[in-house]
Amino acid sequence: MTNIPDRPTLDGIEDRWAARWDTDGTYDFDATAVRADVFSIDTPPPTVSGSLHVGHVFSYTHTDTIARYQRMAGKSVFYPMGWDDNGLPTERRVQAYYGVRCDPSVPYEAGFEPPFRGDPPKKHQAIPVSRPNFLELCDELVEIDEELFERLFRRLGLSVDWSLKYATIDERSRRVSQRAFLRNVARGEAYTQEAPTLWDIDFRTAVAQAEIVDRNRPGAYHKIAFAKSDGSGSIEIDTTRPELLAACVALVAHPDDERFQPHFGTTVRVPIYGQEVEVRAHELAQPDKGTGIAMICTFGDTTDVTWWRELALDMRVIIGRDGRILPDTPAGVDATAYAEIVGKYPNQAQKIVVDALTESGELIGDIRTIDHDVKFYERGERPLEVVTSRQWYIRNGGKDTDLRAALVGRSGDVTWHPEHMRHRYENWVEGLNSDWLVSRQRFFGVPIPVWYRLDDAGEPMYDTPLVPDESILPIDPSTDVPDGFTADQRDQPGGFAGDPDIFDTWATSSLTPEIAGLWEEAGADLFDRVFPFDMRPQGHDIIRTWLFSTMTRSHHEFDVAPWKHAALSGWILDPDRKKMGKSTGNAQTPEGMLEQFGTDAVRYWSASGRPGVDTTFSEDQMKVGRKLANKLLNVSKFVLSVEPDDGSGVDMDASLALTVTDPIDRSMLAKLDAVIVEASTGYDNFDYARALERTESFFWWFCDNYVELVKNRAYEAMGPDAAASARRALREALSSIQRLFAPILPFATEEAWNWWNESSVHAQSWPLPVGLDGDAALIDAAIDALTLVRRAKSEAKVSQRADVDSVTITAPGALRAALEAGRADLAAAGSIAEITIVEGGAGDSLTCDVVIASTGAG
RNA sequence: GGGCGCAUAGCUCAGUUGGUUAGAGCGCUGCCUUCACACGGCAGAGGUCAGGGGUUCGAAUCCCUUUGCGCCCACCA
């Protein structure tokens with residue numbers, strides 16, 4: 001029955017069992033299961049640019065433990081994997097990998113060969129390639145990356161059903177993304193608008209509020225005098241951006257500020273450039289900032305946008321989409337002065353303007369350097385500018401208090417793990433101030449599936465976009481032609497034009513439940529079996545992006561939250577408690593860690609990080625995990641090496657209650673029952689760490705105490721019935737222990753399980769309490785006594801095997817019965833010739849007087 | 001400025017409705033090559049539970065407060 005190696009080992013078990021699970025389909029989803037029998041997971045699709053890092057291993061392990069538990073608890077687990085491969089990260093990686101850049105004006109070249117495949121030299125000048133060629137290279141590279149990712153995730157033992165794979169750029173994702181968007185358009189939840197937006201000048205694309213981060217940068221206050229137009233003196237303002245003087249359209253102070261009330265409605269002359277601008281009043285102006293009066297430029301920051309809109313000001317645009325000063329002189333601005341800064345970047349223009357101000361005497365006092373926060377695109381390298389452009393938006397409550405309140409309320413549809421993460425979501429939604437900008441002026445992404453009629457002047461008619469029928473999705477409006485038009489009408493007056501933009505990656509990944517669940521896909525009946533999903537696992541850093549955007553789409557489309565539970569993972573911290581960075585040591589790459597410690601050891605470390613809690617990277621914890629996995633193999637070997645019914649004549653198929661007769665064994669099983677309940681409760685609450693802690697704690701106690709105590713009896717030192725009780729209890733406990741550890745240590749448990757079983761441990765049912773009427777506390781007395789005997793031997797510096805002539809245990813009455821029950825086991829475990837139990841002491845404390853045999857004491 | 005979290009042994013962390021003497025692992029010290037395991041076992045040392053105040057018969061746990069650390073958001077002329 002058993003097939004136990006002489007020397008159990010963890011080496012090589014990953015490859016062996018991962019391959020076996022794959023061929024056996026151990027983790028296949030049962031697509032016929034009804035909703036009530038399904039546990040569905042909205043797996044985070046990792047960005048496939050670059051490489052996987054320790055954080056991936058950490059958080060994906062958390063999800064996998066829950067998936068494995070739910071599977072064993074009887075659910076058909078829908079656990080797909082997706083790759084987030086569309087969008088800017090891939091474009092950047094393609095540029096760096098092949099040494100190219102996308103230039104839509106370049107014609108397509110069939111059979112194009114990039115100058116490099118990996119690691120172009122640093123000084124290499126990127127060569128321009130056509131958009132279709134660029135997209136081909138994107139497809140090529142993501143395929144390479146995705147293979148790498150899949151290999152690592154398999155090595156990590158994720159119990160994913162790999163047949164449920166998707167990529168956010170694949171045809172299905174494009175179709176789902178476009179379908180959902182078109183429905184948003186039809187219901188008025190998506191709209192297009194020309195407006196000032198934050199703009200990255202390097203990537204030349206608009207960015208959304210959720211992708212903006214503050215970075216602290218040095219800046220400087222410049223005090224500048226604006227002469228009153230009527231010659232009655234001047235007004236001084238402080239600005240950090242003097243280079244925008246040419247874009248100045250007004251000054252603004254608070255309406256209650258008595259210093260400036262006399263000036264409201266009057267005009268001043270802008271230094272150097274000469275345009276006349278009005279002094280205005282607005283509550284957003286802060287009397288205690290700078291000189292209390294600010295210049296408004298179109299546009300220096302988002303406050304300027306607010307003032308420009310609410311005060312109905314003129315526009316003087318000077319910064320272009322590439323971040324350089326535009327060639328055309330704005331109205332009212334001195335052309336000669338303006339020519340000095342044309343074509344410069346803002347920092348270059350600033351020097352020129354400051355020099356001119358210094359020369360003219362309009363720069364007052366010294367420039368005062370400061371550190372201040374500046375808005376950046378989270379992937380960007382230069383500060384964002386505000387640029388006016390036409391963009392698509394999806395309503396998310398940023399401009400609509402009712403919708404905002406509804407989306408805040410959706411938080412209540414979800415159980416958060418840990419609970420306090422709810423606040424992150426609610427705070428973010430409550431603080432929104434704009435709708436969700438979903439269009440991007442980039443290349444590798446899902447095309448926005450609309451066209452525009454062109455009027456007789458060739459101008460697009462944006463208010464009435466032409467939309468495709470859902471049945472032909474996905475489309476690419478740059479090559480597909482709308483109904484009622486012919487290809488030669490493209491970009492012709494009276495014809496049509498395709499929308500040139502793509503969706504931001506979040507606009508597609510906000511639909512992962514719909515993509516993975518085959519929402520509205522032809523012939524599929526999956527969606528109703530999995531939606532709303534049971535679980536959304538993700539990092540807490542992307543609550544404002546992925547979690548919120550998924551919620552928004554589901555709210556619009558289904559009027560329900562897309563999942564029942566949100567499980568938020570923490571960060572990985574360096575051992576010095578700083579953010580995990582590049583460090584030395586091969587163990588800090590996922591591959592190196594898995595190689596050095598073994599998968600189960602790394603998973604053990606991951607699972608010891610409690611949900612939502614930042615966790616220190618700890619090789620020590622991985623060593624402990626390896627020790628645990630090793631111990632599991634060895635104790636399994638021991639338990640299984642004691643044949644269950646070896647010549648005893650005892651019926652091992654009889655009920656547990658009939659075979660397990662010894663109160664000590666029943667006591668152990670009662671403890672195990674409690675652990676099973678606690679571990680199950682932990683997993684039910686998405687707290688794998690608690691389940692692990694309870695299981696592990698019991699396991700070490702089981703090995704160190706119970707096994708040592710009953711070992712001799714199991715060897716049949718006290719007769720067949722006594723042995724049968726111990727053997728049966730040992731096997732019962734082993735079976736439960738292997739299953740309890742299976743979600744955390746899938747490889748070691750599978751290895752040991754297969755020594756005595758035919759099928760995978762991961763296909764077994766989750767252990768249930770056996771419910772024998774054992775007294776969990778009973779065994780503690782015997783173990784306390786055993787510990788005292790061990791201590792006596794340790795202090796006498798003799799072997800634990802040394803013979804003991806006699807032990808006199810002094811214990812209060814309440815414990816004496818318990819000691820009697822364990823008396824024989826204790827004598828055998830401690831090699832004790834004679835045990836005397838006498839009345840004494842109080843509570844549950846006992847003392848031992850140990851007389852070690854003189855012979856053999858050394 | 002608003003919100004959230006954290007603070008327990010040298011280190012990493014448990015300690016779920018308040019309940020005897022605050023636990024584990026690592027590290028450290030000593031002992032034991034023992035018939036599951038030397039990738040081992042046994043034992044030991046080590047803590048004013050961040051500080052202060054309060055509630056209670058009883059507080060690491062509940063309340064108030066101070067300090068320190070971290071995160072999110074807002075403001076950024």
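The chains referred to below are lettered A, B, ... by the order of the sequence lines, with proteins before strands, and numbering in each begins at 1.
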Stems in RNA chain B: runs of 3 or more consecutive Watson-Crick or G-U pairs, distances under 3.5 Å?
B:1-7 with B:67-73, B:10-13 with B:23-26, B:28-32 with B:40-44, B:50-54 with B:62-66
Rounding to 0.5 Å, atoms CD1 (Ile224(A)) and CD (Glu362(A)) come to a distance of 8.5 Å
Between Tyr706(A) and Trp701(A), what is the ring plane arrangement, given parallel below 30°, perpendicular above 60°, and tilted in between?
parallel
Within this structure, what is the CD1-CD1 distance for the pair Ile832(A) and Ile852(A), rounded to the nearest 0.5 Å?
10.5 Å
How would you label the contact of Lys289(A) with the nucleic acid (heavy atoms, under 4.0 Å): base, sugar-phosphate, or nothing?
base
If we ignore angles and hydrogens, is there a donor and acceptor under 3.5 Å between the side chains of Ser411(A) and Arg422(A)?
yes
Just how far, in rounded Å, is C1' of C39(B) from CD of Gln596(A)?
13 Å
Just the rounded figure in Å: distance from P of C4(B) to CD of Glu419(A).
12 Å
By the 4.0 Å heavy-atom rule, please label Gln286(A) as base, sugar-phosphate, or nothing.
base
Atom P, compared across G10(B) and C72(B): separation rounded to whole Å
31 Å
Describe the nucleic acid contact of Lys375(A) in one word from base, sugar-phosphate, nothing, applying a heavy-atom distance below 4.0 Å.
base
Rounding to a whole Å, what distance do you find between Leu244(A):CG and C76(B):C1'?
15 Å
Within 45° of the axis and under 6.0 Å from the centre of the six-membered ring of Phe638(A), does NZ or CZ of Lys711(A) qualify?
yes
Rounded to the nearest 0.5 Å, how far does CD1 of Ile13(A) lie from CG of Asp600(A)?
5.5 Å
With RNA chain B as reference, determine whether Val635(A) or Trp307(A) sits nearer its 5' end, using the nearest nucleotide of each.
Val635(A)
Is the Tyr425(A)-Trp416(A) ring centre distance short of 6.0 angstrom?
yes
C75(B) base / Asp214(A) side chain donor-acceptor hit below 3.5 Å:
yes
Should Arg424(A) be listed as having a side-chain N or O under 4.0 Å from OP1 or OP2 of G2(B)?
no
Taking atom C1' in both G27(B) and C13(B), what distance in whole Å separates the two?
14 Å
How many whole angstroms separate atom CG of Asp373(A) from atom P of C73(B)?
11 Å
Quote, to the nearest angstrom, the C1' distance that separates G44(B) from C39(B).
24 Å
Main-chain N/O of Ala210(A) paired with Arg544(A) side-chain donor or acceptor, under 3.5 Å
yes
Provide the distance between the two C1' atoms, one in C75(B) and one in U67(B), to the nearest whole Å.
26 Å
Taking only residues two or more places apart in sequence, or in another chain, which ones meet Arg259(A) in a side chain to side chain donor-acceptor pair (under 3.5 Å)?
Asp257(A)
Just to be sure I understand the rule, does Thr787(A) reach a base, reach only the sugar-phosphate, or reach nothing, if contact means heavy atoms closer than 4.0 Å?
sugar-phosphate
Applying a 4.0 Å non-hydrogen cut-off, can you work out what Ser641(A) is touching in the nucleic acid: base, sugar-phosphate, or nothing?
nothing
So what does Asp541(A) touch, heavy atoms closer than 4.0 Å: a base, only the sugar-phosphate, or nothing?
nothing
Mind checking the P distance from A38(B) to G23(B)? Whole angstroms is fine.
31 Å
With respect to the phosphate group of C13(B), does any side-chain polar atom (N or O) of Thr616(A) fall under 4.0 Å of OP1 or OP2?
yes
Does the ring center of Trp571(A) lie less than 6.0 Å from the ring center of Phe58(A)?
no
Side chain to side chain donor-acceptor pair (under 3.5 Å) between Gln738(A) and Trp755(A), worked out
CA-CA 12 Å; Gln738(A) 289 181 346; Trp755(A) 292 339; over 6 Å; no
For Thr291(A) and Glu236(A), which I'm curious about, is there any donor-acceptor pair between the side chains at under 3.5 Å?
no
Nearest-angstrom distance from the residue atom CZ of Arg7(A) to P of G40(B):
11 Å
Using a 4.0 Å cut-off on protein heavy atoms (strictly under), produce a 5'-to-3' string for nucleotides 22-34 of chain B with B for base contact, S for backbone-only sugar-phosphate contact, and - for none.
---SS---BSS-B
Atom pair distance, as rounded to whole Å: CG in Asp614(A) and P in C72(B)
10 Å
N or O in side chain of Arg610(A) less than 4.0 angstrom from G15(B) OP1/OP2
yes
Over all strands shown, is Arg790(A) touching base, sugar-phosphate only, or nothing at heavy-atom distances under 4.0 angstrom?
sugar-phosphate
Between Ile370(A) and His420(A), name the one whose nearest nucleotide on RNA chain B is closer to the 5' end.
His420(A)
Pairwise C1' distance for U48(B) and U34(B), with rounding to whole Å:
42 Å
Checking all strands, does Arg694(A) fall into the base, sugar-phosphate, or nothing category for heavy-atom contacts under 4.0 angstrom?
base
Without decimals, in angstroms, what is the distance between Leu284(A) CG and A74(B) P?
15 Å
Need one value for Cys297(A): base, sugar-phosphate or nothing, where a base atom within 4.0 Å counts as base even if backbone is also close, heavy atoms only.
nothing
How many Å lie between CD on Glu795(A) and P on A43(B), as a whole number?
11 Å
Taking atom C1' in both A14(B) and U55(B), compute the distance separating them and give it to the nearest angstrom.
27 Å
Distance in Å, Ser831(A) OG paired with Lys793(A) NZ, rounded so as to fall on 0.5 Å steps:
4.5 Å
Checking contacts here: which listed nucleotide (A38(B), C76(B), A74(B)) is nearest the side-chain heavy atoms of Gln209(A)?
A74(B)
Pairwise P distance, C69(B) and G46(B) [rounded to whole Å]
32 Å
Report the nucleotide, chosen from C75(B), G40(B), C4(B), that has the shortest atom-to-atom distance to any side-chain atom of Lys631(A).
G40(B)
Checking all strands, does Ala285(A) fall into the base, sugar-phosphate, or nothing category for heavy-atom contacts under 4.0 angstrom?
base
By the 4.0 Å heavy-atom rule, please label Thr303(A) as base, sugar-phosphate, or nothing.
sugar-phosphate
Could you tell me whether Arg241(A) contacts a base, only the sugar-phosphate backbone, or nothing, with contacts defined as non-hydrogen atoms closer than 4.0 Å?
nothing
